[in-house]
Amino acid sequence: MSHDHHNPIDHPEVQLASAGGYLFAYAFGLGAMLLGLWMVLNHTLTPVGLTTAVSVIALVSVIVQLYFLFKLDLSSTQIWHTVSIVMTAPLFVMAVGLTIWMFHTLMQRTMIPLPGMGM
């Protein structure tokens, strides 16, 4: 029985890895997290503005980390990884959103209204 010995370093996914990219993604994520924490602790914006700013910072941080840590791009070696994350992300958002909605309205849907309770 013969085994085909391939060098794992020859795989295109491994060749895309770089220490500089990983360090940049780590530093960017850490900086984004500290910026969001500073904005929350110092009350620099209104609540709606703060929510929007932190959401934008989180979205940019996720995109940077997907590109630099997971090397997701439109190249021929990574196109199916990118397609899979694009198809999975809406399902994940729907699952989390529907779970939050379910628990938010759980009392209204399951409890028998008592007299005097304004439901």
Please check if atom CE in Met102 has more than 12 non-hydrogen atoms from other residues, nucleotides or ligands closer than 6.0 Å.
->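 Yes - once you tally the heavy atoms of other residues, nucleotides and ligands closer than 6.0 Å, there are more than 12.
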
Transitively linked via ILVMFWY side-chain contacts under 4.5 Å: [X] with [Y]?
| X | Y | result |
| --- | --- | --- |
| Val93 | Leu66 | no |
| Leu30 | Tyr22 | no |
| Ile85 | Phe92 | no |

Calculate, to the nearest 0.5 Å, the distance between atoms [atom1] and [atom2] belonging to [X] and [Y] respectively.
| X | Y | atom1 | atom2 | answer |
| --- | --- | --- | --- | --- |
| Gln65 | Leu72 | CD | CG | 12.0 Å |
| Trp101 | Leu106 | CH2 | CG | 10.5 Å |
| Leu35 | Trp38 | CG | CH2 | 7.5 Å |

Closest contact, heavy atoms only, Ser61 versus Gly29 =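 Answer, listing the atom of Ser61 first, then Gly29: OG-CA, 3.9 Å.
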
Which pair of heavy atoms, one from Ile79 and one from Ser76, lies closest together, and at what distance?
->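 Shortest heavy-atom contact: CG2-O, 3.8 Å.
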
Would you mind listing every ring-ring contact (aromatic ring centres under 6.0 Å, His included) that reaches into residues 58-80, with sequence neighbours excluded?
->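 ring-ring contact (aromatic ring centres under 6.0 Å, His included) check on residues 58-80 returns Phe24-Phe68.
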
Using side chain to side chain donor-acceptor pair (under 3.5 Å) as the criterion, list what pairs up with Thr105, not counting sequence neighbours.
->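 Residues passing side chain to side chain donor-acceptor pair (under 3.5 Å) with Thr105: Arg109.
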
Show which side-chain atoms of residues 45-56 pair as donor or acceptor with protein atoms under 3.5 Å away, not counting sequence neighbours.
| from | atom 1 | to | atom 2 | distance (Å) |
| --- | --- | --- | --- | --- |
| Thr46 | OG1 | Gly49 | N | 3.2 |
| Thr51 | OG1 | Pro47 | O | 2.8 |
| Thr52 | OG1 | Val48 | O | 2.9 |
| Ser55 | OG | Thr51 | O | 2.7 |

